Amino acid sequence: MTISDDILYIGVNDYKTDLFEGQYPVPDGMAYNSYVIIDDKTAVFDTVDEKFGDEWLLNVEKVLNGREPDYLIVSHMEPDHSANILRFAEKYKNAVIVSNAKSFVMMKNFFGKDFADRRKEVTDGDTLKLGKHELTFVTAPMVHWPEVIMTYESTEKVLFSADAFGEFGANGGDFDGTDEARRYYFGIVGKYGAQVLAVLKKASALNIKTVCPLHGEVLTGENVSLFIDLYKKWASYTPDREGVIIAYTSVYGHTEKAVKLLKKELEERGCPVCVFDLARSDMFKAISEALSYEKVVFATTTYNGDIFPFMKTFMDGLVERNFQNKKVAFIENGCWAPVATRIMKTKLEKCKNVVYAENGVTILSALNENSENAVKSLADELCK
Ligand code: FEO
């Protein structure tokens, strides 16, 4: 990836990790981005995951072409970016480590060292001149850790955005970056909408031509405003997809039949609809889509006096990420004492601005004329 003559990419692609952060499937791999600015002084932006230390240190060496790095800017202490700080510091003994006070506490905890003799603590608005390039630091607490700093380079108008504006997938892959950016955003940052909005407010004062995130492709041109606009919607929990998402679990296929009927009825009424079988889908894809659609239908069975386990995980994931601003409907199934709708409502009771559909569907074991008519009435209401 080329950013400019003086700002160079030195990150790595990871095709080894199956679950990023131990839970998010990454079938297209993952990128740990790192950058260098070459000027009178040289600055390296962030290290990479531990497994790629050798490759990354070689990248640093190659790009510096015999020069020593003057600074290592540490944006974020999560180990996918910080794991090689100590190796870097031991190799380049004169390099100054630049970060905020909270990061140095974390360095002490991770590495047993806080680089007291060679560190530069920075906070909001502090600057660092490299030559013709000047860096301004922007704190971004809880996007998505407390110590995060972004850096704005004012000569080339580049924002080094830490985890923000990232995406799943190795760089150079052939996939829809927006979809993977959505799954990444809601998975990792989705809980912290208020904090993301606070950083977007700070960023609105900057003229940004290029965004260099810690994961995924560098953003330029129209992609900068596209991603900023998407982040404004996502962070404010404003649906950006029209229509209905139906998320379901089904044990013997009867609940699934009701879901398929609802899908057909919605499509016949011209309503966009997408469906997730929660037992067989990427749970975080389902969660990110449910946070994006206007209307969500939850369909599940009563199970052990509760709801089916995959639905429980799904709903917990939504609530944890501040699920709100939705119209919601329920389809429940139970052979003798259906309680799923009541339990699902209880799960959502602390969510803001959730409006329940007037129509719901109760299936007593299998669809019959009554429950089929209830599905059709629900379709009418959701398509209004
Ligand atoms: Fe990519 Fe929060 O680390």
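Order of listing sets the numbers, starting from 1, for every ligand and every atom in it. Keep in mind that what you see is a predicted model, and the values were worked out from it rather than measured. We're numbering straight along the sequence, starting at 1.
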Handout entry: Aromatic plane relationship, His81 with His76 - under 30° parallel, 30 to 60° tilted, over 60° perpendicular
Key = tilted
Handout entry: Distance-only polar pair, side chains of Tyr237 and Asn353, donor-acceptor under 3.5 Å
Key = no
Problem - Closest non-hydrogen atom pair, Arg183 against Asp282 - result: NH1-OD2, 2.8 Å
Completion exercise
His76 NE2 to Glu78 OE1 via atom 2 (Fe) of ligand 1, rounded to 10°, gives 100°
Handout entry: side chain to side chain contact (heavy atoms under 4.5 Å, CB included) partner of Glu147, chosen from Val105, Asn100, Val74, Thr139
Key = Asn100
Handout entry: OD2 (Asp80) - atom 1 (Fe) of ligand 1 - NE2 (His215) angle, nearest 10°
Key = 80°
Exercise for the section: Angle at atom 2 (Fe) of ligand 1: provide the value between NE2 of His144 and OD2 of Asp163, rounding to 10 degrees. Expected result: 90°
